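This chain uses plain numbering: 1 for the first residue, then up along the sequence. In this text, all values refer to a predicted model and were calculated from it rather than measured experimentally.
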Amino acid sequence: MRRTPLTPLLCLLLSCTPAGDAGEGDSSPATASADDLAARVEARLATLDATSSLYAKHLPTGREIAVRPDLPMNTLSVIKIPVMVRAFLDHAEGRLDMDARHTVEASDMRRGSGLIQTFAPGLNPTLRGLVTQMIITSDNTATDMVIDLVGMDRVNEMLAANGYEQTRLKHTTHRLFLETWIRTDPAYVALSRRDVFERGFPSDVGAAARFFEIEGDSTVWLGRTTAHEMARLLEQILEGELADQAASEEMVEILNGQFYTTRLPRMVRFQGVQVAHKTGDWPPYAGNDVGILFHEGGPTIISVFTNQSTGDFFELEETLGLIAQDIVEVWR
């Protein structure tokens, strides 16, 4: 039996379960609709000038859509999900206290996404606050602080122990940002963490080409995964298979608080669908989104990655929103 989080919103959204899949060889409208849906989703991805992969699963029936689901992809900030899981497990094991406070030093500050960088050094958030900001605003300062606390190796050991062959945390955000300077001039390898923060990002005429190169270079990715494995990770969180029920519920609620709504939630959030998700991006070169969509007849998990994009980024985001809408319309 599904171990459903017990919050009123999630219980309500998970309460309606449709009939199972049509049988093999069934030419019913439902089967035809499912075939049309897979073709429509693949066609939408094909319009993007990007390397893309997708895996979607309707949890009540097991229906699936898979487009290059096992292709290794650059996670960007999507890799912050297993970092969150590791933090909650460490809390349960007594290694860390989610309510303990951690001072943000000047050397902890990171550019890119997140709000902590806008405060003066000395902010004193709890670990729970750092984990929450790591997810809902994709805060890079919070991310590297949590990685320092849980340990990169221990995140990857957890993933390997649970059968994840491709999903790995490869670098901190600091190391990724440092790479943007090293590619400008190898002498910048000596820059300190604070130096990188104060410099921001290169803005010379060749910077855009170097950023595109870095996004496609797997040796310096923040993380690696596949659409299939990241969808499985979300399903395990929802099912309570990685952590206890209370921690699983809290992780789903944190994902549900995501600030960014321009991809999977873009259309469906106006149609009564709640999306607990995590983005990962480097505009205009990559835009990923993975999430649990709570809808009538659901939930559905969608995991979609677009790397090495050379097209219009606004169209990319709209395409992901249209894919989510297509799937919900058929699977609800």
Are side-chain heavy atoms of Leu37 and Asp326 found at a separation under 4.5 Å?
yes
Looking at side-chain heavy atoms only, is the closest gap between Thr279 and Val78 below 4.5 Å?
no
Measure from the side-chain N and O atoms of His171 to the backbone N and O of Thr219, and report whether any donor-acceptor pair falls under 3.5 Å.
yes
Tightest non-hydrogen contact, residues Phe305 and Ala227, listed as CE1-CA, 3.8 Å
Rounded to the nearest 0.5 angstrom, the CG-CG distance for Leu127 and Asp97 is 8.0 Å
Under 4.5 Å between side-chain heavy atoms, hopping through other hydrophobics if needed: is there a path connecting Ile292 to Ile237?
yes
Are Asp289 and Ile302 packed together at the side-chain level, in the sense that at least one heavy-atom pair is separated by less than 4.5 angstrom?
no
Working for side chain to side chain donor-acceptor pair (under 3.5 Å), residues Asn74 and Glu215:
CA-CA 7 Å; Asn74 185 350; Glu215 193 282 317; 3.2 Å; yes
For the residue pair Gln325 / Gln271, report whether a side-chain donor-acceptor contact shorter than 3.5 Å exists.
yes
Taking all non-hydrogen atoms of both residues, which atom of Ser248 and which atom of Ala243 are closest, and how far apart?
OG-O, 3.2 Å
Cluster overlap Phe259 with Met267, hydrophobic side-chain contacts below 4.5 Å:
no
Given the rule in the side-chain contact (heavy atoms from CB on, under 4.5 Å) test, do Phe201 and Val196 qualify, once you have shown the distances and angles that lead to the verdict?
CA-CA 8 Å; Phe201 298 99; Val196 173; over 6 Å; no
Before giving the answer on side-chain contact (heavy atoms from CB on, under 4.5 Å), spell out for Met158 and Asn162 the whole-Å C-alpha distance, their side-chain angles and the decisive distance to 0.1 Å.
CA-CA 6 Å; Met158 174 200 74; Asn162 282 279; 3.9 Å; yes
Evaluate the side-chain proximity of Pro265 to Tyr260: yes if any heavy-atom separation is below 4.5 Å, no if none is.
no
Any chance the side chains of Gln308 and Tyr285 put a donor and an acceptor closer than 3.5 Å?
no
Do Leu169 and Val85 land in one hydrophobic cluster if side-chain heavy atoms of ILVMFWY residues count as linked below 4.5 Å?
yes
Quick check: does any side chain N or O of Glu64 sit under 3.5 Å from a backbone N or O of Tyr55, one acting as donor and the other as acceptor?
no
Rounded to the nearest 0.5 Å, what separation is found between the CG atom of Asp281 and the OG atom of Ser309?
11.5 Å
In plain terms, say whether Arg199 and Asp195 are close enough for a salt bridge, that is, a side-chain N and a carboxylate O under 4.0 Å apart.
no
Distance-only side-chain donor-acceptor flag, Asp144 / His174, under 3.5 Å
no
Determine the minimum heavy-atom distance between Leu233 and Pro82, stating which atoms define it.
CD2-CD, 3.8 Å
Are any of the side-chain heavy atoms of Glu235 and Leu238 separated by less than 4.5 Å?
no
Under 6.0 Å from the CZ atom of Phe314, do we count more than 12 heavy atoms belonging to anything else shown?
no
Minimum heavy-atom distance between Val290 and Val304, given as atom pair plus value
CG1-N, 4.1 Å
Taking atom types as modelled, is there a side-chain donor on Thr300 or Lys57 under 3.5 Å from an acceptor on the other?
no
Donor-acceptor contact present, side-chain His91 to main-chain Met98, <3.5 Å:
yes
If we ignore angles and hydrogens, is there a donor and acceptor under 3.5 Å between the side chains of Gln274 and Asn256?
yes
Do Val146 and Leu115 belong to the same hydrophobic cluster, where Ile, Leu, Val, Met, Phe, Trp and Tyr are linked whenever their side-chain heavy atoms lie under 4.5 Å apart, directly or via other members?
no
Can you list every pair that meets salt bridge (Lys or Arg N to Asp or Glu O under 4.0 Å) and has a residue in residues 162-179, with sequence neighbours left out?
Arg175-Glu179, Glu179-Arg183
Under 3.5 Å, is there a donor on one side chain and an acceptor on the other for Ser138 and Ser77?
yes
Is there a side-chain contact between Val155 and Leu159, using heavy atoms and a 4.5 Å cut-off?
yes
Under 3.5 Å donor-acceptor, Asp244 side chain and Ala92 backbone
no
To the nearest 0.5 Å, what is the distance between CD1 (Ile254) and CD (Glu250)?
5.0 Å
Verify whether one side chain among Arg224 and Gln166 offers a donor that lies under 3.5 Å from an acceptor in the other.
yes
For the pair Asp148 and Arg193, find out whether any cationic side-chain nitrogen is under 4.0 Å from an anionic carboxylate oxygen.
yes
If I compare all heavy atoms of Phe177 with all of Arg110, which pair ends up nearest, and what's the gap?
CE1-CB, 4.4 Å
Could you please spell out the steps behind the salt bridge (charged side-chain N to carboxylate O under 4.0 Å, His left out) verdict for Asp90 and Arg86?
CA-CA 6 Å; Asp90 282 357; Arg86 181 70 267 176; 2.9 Å; yes
Can I get a per-line list of side-chain donor-acceptor pairs under 3.5 Å for residues 99-106, giving both atom names and the distance, sequence neighbours left out?
residue : atom : partner : partner atom : Å
Asp99   : OD1  : Arg128  : NH1          : 2.5
Arg101  : NH1  : Asn124  : O            : 2.7
Thr103  : OG1  : Asn124  : ND2          : 3.0

Using a 4.5 Å cut-off on heavy atoms from C-beta on, say whether the side chain of Val150 contacts that of Leu96.
yes
Looking at Trp181 and Gly200, would you say the former's side chain and the latter's main chain have a donor-acceptor pair under 3.5 Å?
yes
The complete set of salt bridge (Lys or Arg N to Asp or Glu O under 4.0 Å) pairs with one or both residues in residues 301-325, sequence neighbours excluded, reads Arg263-Glu317
Please round to the nearest 0.5 Å and tell me the distance separating atom CG of Leu76 and atom OG1 of Thr173.
11.5 Å
Where do Arg40 and Val330 come nearest, in terms of heavy atoms and distance?
NH2-CG2, 4.4 Å
Salt-bridge present (Asp204, Arg210; N to O < 4.0 Å)
yes
Val131 vs Met134, side-chain contact (heavy atoms from CB on, under 4.5 Å): CA-CA, chis, key distance, verdict:
CA-CA 5 Å; Val131 169; Met134 178 178 69; 4.3 Å; yes
Please report the interatomic distance CH2(Trp282) to OG1(Thr180), rounded to the nearest 0.5 Å.
6.5 Å
Quick check: is Leu322 connected to Ile65 through a chain of hydrophobic side chains (ILVMFWY, heavy atoms under 4.5 Å apart)?
no
Counting C-beta onward and ignoring hydrogens, is there a side-chain heavy-atom pair between Val268 and Leu264 closer than 4.5 Å?
no
Working to the nearest 0.5 Å, report the span between CD1 of Ile301 and CZ of Arg232.
11.5 Å
Given Thr51 and Thr306, is the side-chain contact (heavy atoms from CB on, under 4.5 Å) satisfied, shown in steps?
CA-CA 6 Å; Thr51 301; Thr306 61; over 6 Å; no
Would you tell me whether Glu229 and Thr167 have side-chain atoms, one donor and one acceptor, within less than 3.5 Å of each other?
yes
